[in-house]
> 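First the structure, then my questions, so here it is.
A note on names: the letters A, B, ... follow the listed sequences, proteins ahead of strands, and every chain is numbered from 1. Quick note: numbers below take in every heavy atom, side chains included, and nothing from hydrogens, waters or symmetry partners.
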Number of protein chains: 2
Amino acid sequence: MLPMRNSTCPGHRSLCPINLSLEIFGDRWSLLIVRDLIFFGRTSFYDFMHAGERIASNILTDRLKTLEANGIVERRRDESDARRVRYALTEKGIDLAPVLIDMVHWAARHETTAAPPEIVEDMRLNRERFLADIRTRWEG
Amino acid sequence: MLPMRNSTCPGHRSLCPINLSLEIFGDRWSLLIVRDLIFFGRTSFYDFMHAGERIASNILTDRLKTLEANGIVERRRDESDARRVRYALTEKGIDLAPVLIDMVHWAARHETTAAPPEIVEDMRLNRERFLADIRTRWEG
DNA sequence: CCGGATCCGTTTCGATACTG
DNA sequence: CAGTATCGAAACGGATCCGG
């Protein structure tokens, strides 16, 4: 447990451990985008738009810019097709994988979810390999 | 990695693994309340109000009700002082600790934070004991 | 003093339409 | 395909008030 002297947690939010993360975690969409990148390999504006949760295009634009400004995703032109834009996870973004994995486990245990139980169980038992796979896929 | 057949992720949001979690945590305040409960032992309306992030009282009321409706906290009268109200983590709420711990690690690595590095490192090395301590404190 | 409830101005969101 | 522009709806935040 963090020491109680921190319970004053004075003034500015950056002084508390998980606060700054809340610029990213504290909204309805950012983590879903990161989830799409980590779990589903979605990388384009179009992919995120059609991921199933009906995010509005202006909101998606805004969240992608915020994620980029925070160094979690990178925006690139597709080399083989200059019309397309690709979003890629940075190192910082990849490091969010453990958080998302824990959320999947939590949801699988306490909420109704359609994530196949055997996959969730596999993620739990082989967490390190699972994380390594994600890293390999993004870092090559 | 979750299978690509899931990349269609059809229709309703409850069909995707972490969505339901985001209906609860997709806002700026809920996770901070859970953090206060887990890390700092704050349990009263007054404690949450004065935790440092200046949440408005009406918002706090609303978030506590939502967290209670979702079975993450329980609302009780203080037995020794009937005027006071205490909020306690449920089993479901306690199970969020791994998520928060990962967030603290992530923030410590990638964001500027005042969480003492030695404590963060201790949390990482002794994760299981740390989790057990939280559980003991709430379940007695 | 504690735990809210109510009112109200401001910000943000979300749906739709439109554009290069 | 990858976004802008617009506008009504919803959420937020500050201030104030109120019962115990």
> So which pairs with a foot in residues 64-73 of chain A pass side chain to side chain donor-acceptor pair (under 3.5 Å), sequence neighbours left out?
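Passing the test, one end in residues 64-73 of chain A: no pairs.
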
> Classify the nucleic acid contact of F48(A) as base, sugar-phosphate or nothing, counting any heavy atom under 4.0 Å across all strands shown.
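F48(A): no heavy atom of the nucleic acid under 4.0 Å.
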
> Other residues, nucleotides and ligands only: do more than 12 of their heavy atoms fall within 6.0 Å of CD on E79(A)?
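12 or below, so no.
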
> Looking at the base of dG14(D), is there any donor atom on it, or on the side chain of N58(B), that sits under 3.5 Å from an acceptor on the other one?
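Looking at the base of dG14(D), it does pair with a donor or acceptor on the side chain of N58(B) (distance under 3.5 Å).
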
> Does the distance from a Lys or Arg side-chain N to an Asp or Glu carboxylate O, for D36(A) and R42(A), drop under 4.0 Å?
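Looking at D36(A) and R42(A), the cut-off is met.
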
> Which part of the nucleic acid does T61(A) contact within heavy-atom distance under 4.0 Å: base, sugar-phosphate only, or nothing?
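The answer is base, as T61(A) lies within the cut-off (heavy atoms under 4.0 Å) of a base atom.
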
> Can you see whether D133(A) engages T136(A) through a side-chain donor-acceptor pair at a distance of less than 3.5 angstrom?
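There is no such pair (donor and acceptor under 3.5 Å, judged by atom type) between the side chains of D133(A) and T136(A).
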
> Whole-Å distance between dG14(C) P and M49(A) CE?
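Atom-to-atom, M49(A) to dG14(C), this comes out as 12 Å.
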
> Quick one: on DNA chain D, does R83(B) or V85(A) contact a more 5' nucleotide (nearest heavy atom)?
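It is V85(A), whose closest nucleotide lies nearer the 5' terminus.
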
> Donor-acceptor pair under 3.5 Å: do we get one between S57(B)'s side chain and the base of dA5(C)?
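Such a pair is found, so the answer is yes.
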
> What contact category does F45(B) fall into here, base, sugar-phosphate, or nothing, at under 4.0 angstrom with non-hydrogen atoms?
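F45(B): base contact, heavy atoms under 4.0 Å.
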
> What nucleic acid atoms does R77(B) come within less than 4.0 Å of, heavy atoms only: base, sugar-phosphate, or nothing?
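Result for R77(B) = nothing.
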
> More 5' along DNA chain C: S44(B) or D62(A), using each one's nearest nucleotide?
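Mapping each residue to its closest nucleotide by heavy atoms, the 5'-most match is S44(B).
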
> Which part of the nucleic acid does R75(A) contact within heavy-atom distance under 4.0 Å: base, sugar-phosphate only, or nothing?
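The residue R75(A) makes sugar-phosphate contact but no base contact.
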
> Specify the separation, in whole Å, of atom CZ of R63(A) and atom P of dT4(D).
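Rounded to the whole Å, the gap is 14 Å.
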
